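The structure appears below as structure tokens.
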There are 2 protein chains.
Amino acid sequence: MEKKDIILAAALRLFVENGFHGTATARIAQEANVATGTLFNYFRTKEELIVALYCTILKEMDDFILERLESHSISKESFRSLFVSTLSWSLENRDHYRYLQQFDHSPYFKVVEETIAGQEEYPLFVLIKNGIDIVLIKQLPVSFIYSLFTAQINGLHYYIISNDLREDKELELISEAFEMLWKMIED
Amino acid sequence: MEKKDIILAAALRLFVENGFHGTATARIAQEANVATGTLFNYFRTKEELIVALYCTILKEMDDFILERLESHSISKESFRSLFVSTLSWSLENRDHYRYLQQFDHSPYFKVVEETIAGQEEYPLFVLIKNGIDIVLIKQLPVSFIYSLFTAQINGLHYYIISNDLREDKELELISEAFEMLWKMIED
DNA sequence: TATTTTTGTGACTGATTAGTCAATCTTAAT
DNA sequence: ATTAAGATTGACTAATCAGTCACAAAAATA
């Protein structure tokens, strides 16, 4: 599993830097210090590598967020935890986050759309569903709230990386942004 | 200017469908019913075509939004107009909007970042700046509010195209989403 | 009509690409 | 030590690509 991860890490760096088709498989292998043939032992095609990398990153992010979620109660604090964890992860793993976005907005996304389990399984999605049920959150479609929630995260992430703030200022802003979001979606 | 626009339109369709490098210049020329050489008469390189298409679409969107902005007062209604116009345009020109997003999240974006006039010139950005000055909007960095505003538009756009709603339901939701956004950013 | 200028053409090229495969190396079991 | 199974290699190939250029058609000018 060692080599596979090295290849994935090399691919991530190059895809983010040069785009999917702007990165030759041979270049990825070189960056990972393996032969071209080795890459194709682990991934049958380039597309399989691209999709596998996407799924791997998605899982890493999910694990990180769930790890940090202390309480499993349906409360404002749980929402805050998901919000803050997601942002922390996205800021500590900028290339990973960038890759997710690059993939989401590329034609490859439709490859995954049917295959992968949809939003319905994400922790945030489930929490919102429950939040609406117990009337903690506005009575609106779950995936609508979900879209706004993630959009807020995207917007804030973009702002922070565009104007690199001091650590403390950053945390303050994340907290403020969450309160604004909460005011928007609470019932 | 006729041929140039035909080429741009063909490029848009193919880039959205197959990605930047997934689309050969010869294929674009074919789709536009011109010779390969003709394409390179209008655009010196493929990258120039990609960037020109981005700028063209951005301008089209801006023109549409400004056309619809009746009052130039700094008021909630002006914000609503920008919000609704942007969403209307994005829903009536899905490929165009998709292209903008694909470009924004691709490595090509950095090519444009320094070249093109930044956010500071966009009508929405100016309006927010003024809105903050007259204390209509929360006293926070302009580009922070700007990021959240556009993020809300992205999130709503994504929700609407993912669950294609009836026309009336769609307008209702846009209106509701704006009120939520307003509650979030008003002072 | 004759001449110049602009616009359009598509076969061509040198470079690059994803993916293959026969040979070699590594590891572990007997 | 010998063998077998699996992992790794990188030269190779057939295909594809962006961009060129000598020429032709069309448009504009005289």
Side-chain angles (χ1 to χ4, degrees), chain A residues 1-57 95 99 102-103 105-112 115, chain B residues 1-57 95 99 102-103 105-112 115:
Chain A
M1 278 296 162
E2 184 64 20
K3 281 251 173 67
K4 194 172 182 173
D5 293 335
I6 293 172
I7 292 170
L8 284 172
L12 172 63
R13 258 175 285 139
L14 292 168
F15 283 145
V16 165
E17 181 78 18
N18 310 113
F20 295 118
H21 295 80
T23 304
T25 49
R27 182 78 187 75
I28 297 171
Q30 188 188 40
E31 184 88 356
N33 289 311
V34 297
T36 340
T38 306
L39 188 149
F40 287 98
N41 275 348
Y42 290 97
F43 308 95
R44 290 213 313 275
T45 64
K46 187 181 180 183
E47 179 169 315
E48 192 172 299
L49 165 62
I50 290 170
V51 173
L53 180 54
Y54 179 75
C55 295
T56 303
I57 293 177
D95 276 359
Y99 185 83
Q102 190 173 319
F103 186 95
H105 294 96
S106 81
Y108 286 110
F109 185 64
K110 66 174 184 294
V111 176
V112 131
T115 315
Chain B
M1 277 299 162
E2 184 64 20
K3 281 249 172 68
K4 193 171 183 174
D5 293 335
I6 293 172
I7 293 170
L8 284 171
L12 172 62
R13 256 173 287 140
L14 292 168
F15 283 146
V16 165
E17 181 76 19
N18 310 114
F20 295 118
H21 295 78
T23 303
T25 48
R27 183 76 186 77
I28 296 171
Q30 188 189 38
E31 184 88 356
N33 288 310
V34 297
T36 340
T38 305
L39 188 150
F40 286 98
N41 275 348
Y42 289 97
F43 308 96
R44 290 213 312 274
T45 65
K46 187 182 182 182
E47 179 168 315
E48 193 172 299
L49 165 62
I50 291 170
V51 173
L53 180 54
Y54 179 75
C55 295
T56 303
I57 293 177
D95 276 0
Y99 184 83
Q102 189 173 318
F103 187 96
H105 294 95
S106 81
Y108 285 109
F109 185 64
K110 67 174 180 297
V111 176
V112 131
T115 315

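What you are looking at is a predicted structure, and each value in this text was computed from that prediction instead of being measured. All chains are named by letter (A, B, ...) in the order of the sequence lines, taking the proteins before the strands, and each is independently numbered beginning at 1.
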Find the distance B:Asn18:CG to D:dT16:C1' and express it as a whole number of Å. 15 Å

Checking ring-ring contact (aromatic ring centres under 6.0 Å, His included) against A:Phe20, which of A:Tyr54, A:Phe109, A:Tyr99 comes through? A:Tyr99

Any donor-acceptor pair under 3.5 Å from B:Gln102 side chain to B:Phe15 backbone: yes

Nearest whole angstrom, please: distance from the P of D:dG6 to the NZ of A:Lys3. 17 Å

Atom CZ in A:Phe43, atom CG in A:Leu8: separation rounded to 0.5 Å? 4.0 Å

Distance (rounded to the nearest 0.5 Å) between A:Ile50 CD1 and A:His21 NE2: 6.5 Å

What is the distance, rounded to the nearest whole Å, between atom CZ of B:Phe20 and atom P of D:dA18? 13 Å

Strictly below 4.0 Å, heavy-atom distances to any atom of DNA chain D: list the hits from residues 27-41 of chain B, or just say none. B:Phe40

Check whether any side-chain heavy atom of B:Leu39 sits under 4.5 Å from a side-chain heavy atom of B:Ile28, and report yes or no. yes

Spacing of CZ belonging to B:Arg27 relative to CZ belonging to B:Arg13, to within rounding of 0.5 Å: 9.0 Å

Nucleotide interval of DNA chain C bounded by contacts with chain B (heavy-atom cut-off, under 4.0 Å): C:dG8 to C:dG10

Which angle, to the nearest 10 degrees, lies between the helix axes at the two ends of the helix from C:dT1-D:dA30 to C:dT30-D:dA1, each defined by five pairs? 10°

Of all heavy-atom pairs between B:Asp95 and B:Val16, which one has the smallest distance, and what is that distance? O-CG2, 3.6 Å

Spacing of B:Ile7 atom CD1 and B:Thr25 atom OG1 [to the nearest 0.5 Å]: 11.0 Å

Rounded distance (nearest 0.5 Å) linking atom CG of B:Asn41 with atom NZ of B:Lys4: 11.5 Å

